[in-house]
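Since the model is a prediction, treat every value here as computed from it, not as a measurement. All heavy atoms count here, side chains included; hydrogens, waters and symmetry mates do not.
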Amino acid sequence: MRAAGCVFAEDEAALLADAPGDLDSMVARRVAGEPLEYILGWAEFCGLRVFIEPGVFVPRQRTALMVREAVMAAPASPVVVDLCCGSGAVGAAVAAALSDVTSHAADLDPAAVSCARRNVTGAVHQGDLYDALPPALRCRIDLLLANVPYVPTEAIASMPPEARDHEAAVALDGGPDGLDVFRRVVVSASDWLAPGGSVFLETSAQQVSTAVETLSRAGLTARVATDDEIGATVVIGVRPTRSGPRPGRPAGS
């Protein structure tokens, strides 16, 4: 495995040795470039063992920053939505860190939805972004997690083969500048966020200025969180607080 370019060959070999199945076959799959997580059937993310099916986006460790930021921003008894959820890892990690959570997740890809239903305790919906969500969630979402695809189309070819050749293109390709899906999420975010609610989106460092401008134009208060140690950048947009009770909840609740 080391000769095949696996950077953490010894650690990976130990995991495969402990996994059920034929070891020689699993090693051969890994050497051929198949993601380790597909072979094991799971990925470790924020202290959780997340079930992973072939073709479903594998959660990256850098996305732990999004989880941390969401947990810090959470009000009591939050409504949490994981949009473009993939395996559901992000929403599951946020829900695991909080209490009394109402949790929803959604994805366009049927394979991702099937996978997320094994990881998420709340409802999982299939469909295109907000079209997948129950209308009752409008103006009620406290934490909107959207780990959207943000790789520019031309950069897909230079991605590591284990991602480029095995993960679904819809989970990677963000359009010409990488922000096509980002913009679609942001433009309608205020229609779904509760007053004071926040949307969290991962980007690259090169996309930050455009991302912040997009949030501001949508009427959201923007800020940026970074973690150089894990190479993570998250942009956050907050819907301004308005007076009056939240839709669907009585005054004083």
(request) Work out which heavy atom in Cys139 is nearest to a heavy atom in Arg239; give both atom names and the distance. (result) SG-NH1, 3.8 Å
(message) Between Glu202 and Thr233, do the side chains contain a donor N or O and an acceptor N or O under 3.5 Å apart?
(response) no
(request) Mark yes or no for whether Ser158, through its side chain, and Ala155, through its backbone, hold a donor-acceptor pair below 3.5 Å. (result) yes
(request) Go through the steps to decide whether Leu179 and Thr210 satisfy the test side-chain contact (heavy atoms from CB on, under 4.5 Å), and finish with yes or no. (result) CA-CA 9 Å; Leu179 294 174; Thr210 302; 3.7 Å; yes
(message) Same cluster or not: Val101 versus Leu193, using hydrophobic residues (I, L, V, M, F, W, Y) connected whenever any side-chain heavy atoms lie under 4.5 Å apart?
(response) no
(message) Strictly distance-based, threshold 3.5 Å: is any side-chain N or O of Arg30 a donor or acceptor partner for the main-chain N or O of Glu34?
(response) yes
(request) Please lay out, stage by stage, how Cys84 and Asn147 fare under the test side-chain contact (heavy atoms from CB on, under 4.5 Å). (result) CA-CA 6 Å; Cys84 298; Asn147 191 19; 5.9 Å; no
(message) Rounded at 0.5 Å granularity, tell me how far OH in Tyr130 sits from CZ in Arg184.
(response) 10.0 Å
(message) Tell me whether Asp142 contacts the main-chain N or O of Val79 through its side chain, where contact means a donor paired with an acceptor under 3.5 Å.
(response) yes
(message) Would the distance check show the side chain of Arg164 and the main-chain N or O of Glu162 forming a donor-acceptor pair, the cut-off being under 3.5 Å?
(response) no
(message) With clusters defined by side-chain heavy atoms of hydrophobic residues (ILVMFWY) lying less than 4.5 Å apart, directly or transitively, does Leu65 cluster with Phe200?
(response) yes
(message) Looking at every non-hydrogen atom in both residues, tell me the closest pair between Thr214 and Val186 and how far apart they are.
(response) O-CG1, 3.6 Å
(request) Let me see the working for Arg183 and Glu213 under salt bridge (charged side-chain N to carboxylate O under 4.0 Å, His left out), right down to the final yes or no. (result) CA-CA 11 Å; Arg183 293 185 181 93; Glu213 181 181 1; over 6 Å; no
(message) Measuring from atom CG of Leu145 to atom OG1 of Thr63, what distance do you get when rounded to the nearest 0.5 angstrom?
(response) 11.0 Å
(request) Would you kindly confirm whether Leu48 and Ile230 end up in one hydrophobic cluster when ILVMFWY residues are joined by side chain heavy atoms under 4.5 Å apart? (result) yes
(message) Taking Trp192 as the starting point, is it possible to reach Phe182 by hopping between hydrophobic residues whose side chains are less than 4.5 Å apart?
(response) yes
(message) Checking the side chain of Asn119 only, and the main-chain atoms of Phe51 only, is there a donor and an acceptor separated by less than 3.5 Å?
(response) yes
(message) Would the distance check show the side chain of Arg140 and the main-chain N or O of Ala194 forming a donor-acceptor pair, the cut-off being under 3.5 Å?
(response) no
(message) Could you check whether any side-chain N or O of Asp82 sits under 3.5 Å from a backbone N or O of Ala105, counting only pairs where one atom can act as donor and the other as acceptor?
(response) no
(request) Identify the heavy atoms of Gln126 and Pro110 that sit nearest to each other, and give their distance. (result) NE2-CG, 3.3 Å
(message) For Val212, is there any backbone N or O sitting under 3.5 Å from a side-chain donor or acceptor partner on Ser216?
(response) yes
(request) Indicate the atoms forming the closest heavy-atom contact of Pro78 with Pro75, along with that distance. (result) CD-O, 3.4 Å
(request) Find out if a path of hydrophobic residues (ILVMFWY) with successive side-chain heavy-atom gaps under 4.5 Å connects Met66 to Val151. (result) no
(message) Using modelled atom types and a 3.5 Å cut-off, is there a donor and acceptor pairing between side-chain atoms of Asp107 and backbone atoms of Gly86?
(response) yes
(message) Less than 3.5 Å apart, any donor N or O on the side chain of Tyr150 or Gln207 sitting next to an acceptor on the other?
(response) no
(message) Does Ile236 form a side-chain contact (heavy atoms from CB on, under 4.5 Å) with Val199? I'd like the steps, not just the answer.
(response) CA-CA 6 Å; Ile236 299 128; Val199 58; over 6 Å; no
(request) Check whether any side-chain N or O of Ser87 sits under 3.5 Å from a backbone N or O of Ile52 as a donor-acceptor pair, and report yes or no. (result) no
